[in-house]
Enquirer: 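I am attaching a structure below and will ask some questions about it afterwards.
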Amino acid sequence: MTNPAPPDRSLPDGAEDLLRAVLMGPPGAGKGTQAARLLRRCAGVHIASGDILRRIVEREDSDLARAARVIHEGKLIPDDVVGAIVFRELDRSEAAAGFILDGFPRNVAQARMLDEYLASRNCALTTVIALDIDDDVLVGRLSGRLTCMQCGATFHTRFQPPREPGVCDVCGSELVVREDDRPARIRLRLQLYHEKTKPLLDYYREQGLLRVVDGVGEEDAVFSRVAEAAGCLV
Ligand code: AMP
């Protein structure tokens, strides 16, 4: 019996920048910001499971939207539900040019689902980047975070205030403090991250995909490290 061919981690000709990445890190580590910056250098789409779920809860009147309301309590959505939502996004043609997953997978079961999904499309992840950052720094960052519910841009009352208070610089919509960015919820989310997500680091380390990046410091400095880890150097 012959072994099945290994998944293709190589880059097709003419697609040196192709990236099929998972960006990991605790809440508030700056995954969204770093992903957006990476996609100015590499082709692909940013798929942030939390952003998609928030949009569904805000805009849809469906069973899925009702089931997903627990995001406001900082609790996790069932694996099959979030998997279906993310895979629907990955099936869009734009994702063929590359993607950065942010917020998914969050546990080993989700990572296995993702591997299976990608194998069924004859491809595999090219890299997993984990932002490493202390809880104390995160609590400080998240406590003042302001989020645009329209475009997902984030600001901070102290570190990155919007030009006009309460208004998104990017699209002009209202900025809000997310329910799950309140202190008790932040602690629950960090606890969940440590419990559920850290075993993922071992999972990806064993596959030789993991790059741990120091996530503390100026945004530009962190970005240089992330871009290098992703191989997106200009
Ligand atoms: P985030 O914006 O990544 O912090 O996600 C916000 C919330 O969405 C989380 O606290 C969870 O309730 C939910 N969520 C996002 N991604 C996932 C996932 N991969 N698995 C389960 N729940 C998720």
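Computed from a prediction, not measured in an experiment: that's the story for all the values here. Start at 1 with the first residue, then count along the sequence. Order of listing sets the numbers, starting from 1, for every ligand and every atom in it. Both backbone and side-chain heavy atoms feed into the values below; hydrogens, waters and symmetry mates do not.
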Enquirer: Using heavy atoms and a 4.0 Å limit, tell me yes or no: is Arg178 in contact with ligand 1?
Expert: yes
Enquirer: Do me a favour and list the nearest non-hydrogen protein atom to atom 23 (C) of ligand 1 with residue, atom name and distance?
Expert: Leu53 CD1, 3.9 Å
Enquirer: Is there a nitrogen or oxygen of Arg106 sitting under 3.5 Å from a nitrogen or oxygen of ligand 1?
Expert: yes
Enquirer: May I ask you to identify the nearest protein heavy atom to atom 20 (N) of ligand 1, giving residue, atom name and distance to one decimal place in Å?
Expert: Gln110 NE2, 2.9 Å
Enquirer: Counting non-hydrogen protein atoms only, what is the nearest one to atom 12 (O) of ligand 1? Give residue, atom name and distance.
Expert: Lys75 O, 2.4 Å
Enquirer: For the residue pair Tyr117 and Phe87, does the interplanar ring angle fall in the parallel (under 30°), tilted (30 to 60°) or perpendicular (over 60°) class?
Expert: parallel
Enquirer: Below a 4.0 angstrom heavy-atom separation, can you tell me which part of Val82, side chain or backbone, both or neither, approaches ligand 1?
Expert: side chain
Enquirer: Give a yes or no on whether a salt bridge exists between Arg88 and Asp91, defined as a side-chain N under 4.0 angstrom from a carboxylate O.
Expert: no
Enquirer: Please say whether the positively charged group of Arg37, taken as NZ for Lys or CZ for Arg, lies over the ring of Phe223, i.e. under 6.0 angstrom from the six-membered ring centre and within 45 degrees of the axis.
Expert: yes
Enquirer: Give me the residue, atom name and distance of the protein heavy atom closest to atom 16 (N) of ligand 1.
Expert: Ser49 OG, 2.7 Å
Enquirer: For Ile77, which part has a heavy atom under 4.0 Å from ligand 1: side chain, backbone, both, or neither?
Expert: both
Enquirer: Is it true that Arg185 and Glu179 have a side-chain N and a carboxylate O under 4.0 angstrom from each other?
Expert: yes
Enquirer: Under a 4.0 Å threshold between the charged nitrogen and the carboxylate oxygen, would Arg55 count as salt-bridged to Glu58?
Expert: no
Enquirer: Is there any N or O on Ile71 that sits under 3.5 Å from an N or O of ligand 1?
Expert: no
Enquirer: Please say which of Leu114, Leu209, Ile100, Leu210 ends up in a side-chain contact (heavy atoms from CB on, under 4.5 Å) with Val22.
Expert: Leu114
Enquirer: Between Asp135 and Arg187, does any NZ, NE, NH1 or NH2 come within less than 4.0 Å of an OD or OE carboxylate oxygen?
Expert: no
Enquirer: Does the N or O separation between Arg54 and ligand 1 drop below 3.5 Å for any pair?
Expert: yes
Enquirer: Ligand 1 versus His72, non-hydrogen atoms closer than 4.0 Å: side chain, backbone, both, neither?
Expert: neither
Enquirer: So does Asp115 pair up with Arg112, basic N to acidic O under 4.0 Å?
Expert: no
Enquirer: Judging by distance only, is a nitrogen or oxygen of Val70 under 3.5 angstrom from one on ligand 1?
Expert: no
Enquirer: For Gly103, take its heavy atoms, then give the atoms of ligand 1 lying under 4.0 Å from any of them.
Expert: 16 (N), 17 (C), 18 (C), 19 (N)
Enquirer: For ligand 1, which atoms, with element, lie under 4.0 Å from some heavy atom of Arg189?
Expert: 4 (O)
Enquirer: Can we say Arg106 and Asp79 salt-bridge, meaning some charged N sits less than 4.0 Å from an Asp/Glu carboxylate O?
Expert: no
